[in-house]
Novice: 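What follows is a structure written as structure tokens; I'll ask about it next.
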Amino acid sequence: PIQEATIPDALARRDILGRGRTGSGKTLAFGLPLLTRLAAEKPGKRQESLPRGLILVPTRELASQVHDALRPLAEVVGLRVAQVIGGTAYGPQIRRLSRGVDVVIATPGRLDDLIEQGAADLSAVRIVVLDEADQMADLGFLPQVEALMEHVPPKGQRLLFSATLDRGVDALVRNHL
């Protein structure tokens, strides 16, 4: 149901606020439109290696699940996907970003660190997904999420998915949708 309710609007470039339980199909609800749009849009020459899609998630486990679900689909349409997560070495993530990616799936803390180091650039991001926004609020990541949103062009599409719409999620909605 979450896919049926959101995919048409996401493909029409509307901002989305989707609520659904864990395991309800939210990953494909945001992932399929994101990949479809990015595959259809060619990046500008200056921005070829910069990410055009950003998916923020609260945990590295969820980042791995989202990455595993979307990577094979991205490869079919010629897109490059990378994980940027804490608890792992910086070097491989920095090298992956420097080679160029279309979509970054990240935890807020590690992405913030890489931006501070000059290893990540969000200036070409057209679509931002905040997945499990309520869990990000519970874990105290909302200040980092807000700071990261300052690095993303303001006119892009925003897709916010959450199991609940409380615990600070309303502030994200007001500020970014």
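Fair warning: this is a prediction, and the values are worked out from it, not measured in the lab. Hydrogens, waters and symmetry mates are skipped; everything else that's a heavy atom, side chains included, is used.
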Novice: Kindly compute the distance separating CG (L50) from CZ (R126), expressed to the nearest 0.5 Å.
Specialist: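 Interatomic distance, L50 CG to R126 CZ, rounded to 0.5 Å: 10.5 Å.
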Novice: Heavy atoms only: give me the nearest D131-P58 pair and the separation to one decimal.
Specialist: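 Heavy atoms only, the tightest pair is O-CD, 3.4 Å.
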Novice: Between T107 and L111, is there a side-chain heavy-atom distance shorter than 4.5 Å?
Specialist: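 No, too far: nothing below the 4.5 Å cut-off.
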Novice: Could you measure the distance from the CZ atom of R37 to the CG atom of L79? Nearest 0.5 Å is fine.
Specialist: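 Taking CZ in R37 and CG in L79, the distance rounds to 12.5 Å.
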Novice: For G156 versus D15, what's the shortest heavy-atom pair and its separation?
Specialist: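 Between these two residues, the closest heavy atoms are O-OD1, 4.1 Å.
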Novice: When you measure from the side chain of Q3 to the backbone of K26, do you find a donor-acceptor pair of N or O atoms at a distance under 3.5 Å?
Specialist: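 Checking the backbone N and O of K26 against the side chain of Q3, no donor-acceptor pair under 3.5 Å is found.
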Novice: Of the non-hydrogen atoms in Q83 and Q93, which two are nearest, and what is the gap between them?
Specialist: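 Heavy atoms of Q83 and Q93 come nearest at O-CG, 3.8 Å.
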Novice: Would I85 and L114 show up in the same hydrophobic cluster when neighbours are defined by side-chain heavy atoms closer than 4.5 Å?
Specialist: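 No, I85 and L114 fall in different hydrophobic clusters.
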Novice: Is the closest side-chain donor-acceptor distance between Q65 and T27 under 3.5 Å?
Specialist: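 Judged by distance alone, the side chains do not pair up.
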Novice: Do the side-chain N and O atoms of S162 and E132 include a donor-acceptor pair separated by under 3.5 angstrom?
Specialist: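 Side chains of S162 and E132: no pair found under 3.5 Å.
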Novice: Strictly distance-based, threshold 3.5 Å: is any side-chain N or O of Q157 a donor or acceptor partner for the main-chain N or O of A10?
Specialist: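 Answer holds: yes.
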Novice: Can you confirm whether I127 sits close enough to L54 that some side-chain heavy atom of one is under 4.5 Å from a side-chain heavy atom of the other?
Specialist: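 Of all side-chain heavy-atom pairs linking L54 with I127, none is under 4.5 Å.
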Novice: Please give me the minimum heavy-atom distance between P72 and H67, naming the atom from each residue.
Specialist: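 So the two residues come closest at CD-O, 4.4 Å.
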Novice: Atom CZ of residue position R80 - does it have more than 12 heavy atoms of other residues, nucleotides or ligands inside 6.0 Å?
Specialist: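 It does: R80 CZ has more than 12 such atoms within range.
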Novice: Counting only heavy atoms from other residues, nucleotides and ligands, does the tally under 6.0 Å from CD of E4 exceed 12?
Specialist: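 Open: at most 12 neighbouring heavy atoms sit under 6.0 Å from CD of E4.
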Novice: Are M136 and M149 linked, directly or through other ILVMFWY residues, by side chains that come within less than 4.5 angstrom of each other?
Specialist: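 Same hydrophobic cluster.
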Novice: Is there a path of hydrophobic side-chain contacts, each under 4.5 Å between heavy atoms of I, L, V, M, F, W or Y residues, that connects F161 with L62?
Specialist: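 Yes; L62 is reachable from F161 via cluster members.
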Novice: Which pair of heavy atoms, one from L97 and one from A120, lies closest together, and at what distance?
Specialist: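 In terms of heavy atoms, the two residues are closest at CD1-CB, 4.0 Å.
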Novice: Taking the side chain from R110 and the backbone from T88, do they hold a donor-acceptor pair closer than 3.5 Å?
Specialist: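 Yes; judged by distance alone, with no hydrogens or angles, the pair exists.
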Novice: Would you say the side chain of I16 lies within less than 4.5 Å of the side chain of V129, judging by non-hydrogen atoms?
Specialist: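 No, too far: nothing below the 4.5 Å cut-off.
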Novice: Is D102 salt-bridged to R52, going by a charged N under 4.0 Å from an acidic O?
Specialist: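 Salt bridge: yes.
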Novice: Return the CG to CG distance between L56 and L130, rounded to the nearest 0.5 Å.
Specialist: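 Rounded to the nearest 0.5 Å, the CG-CG separation comes out at 5.5 Å.
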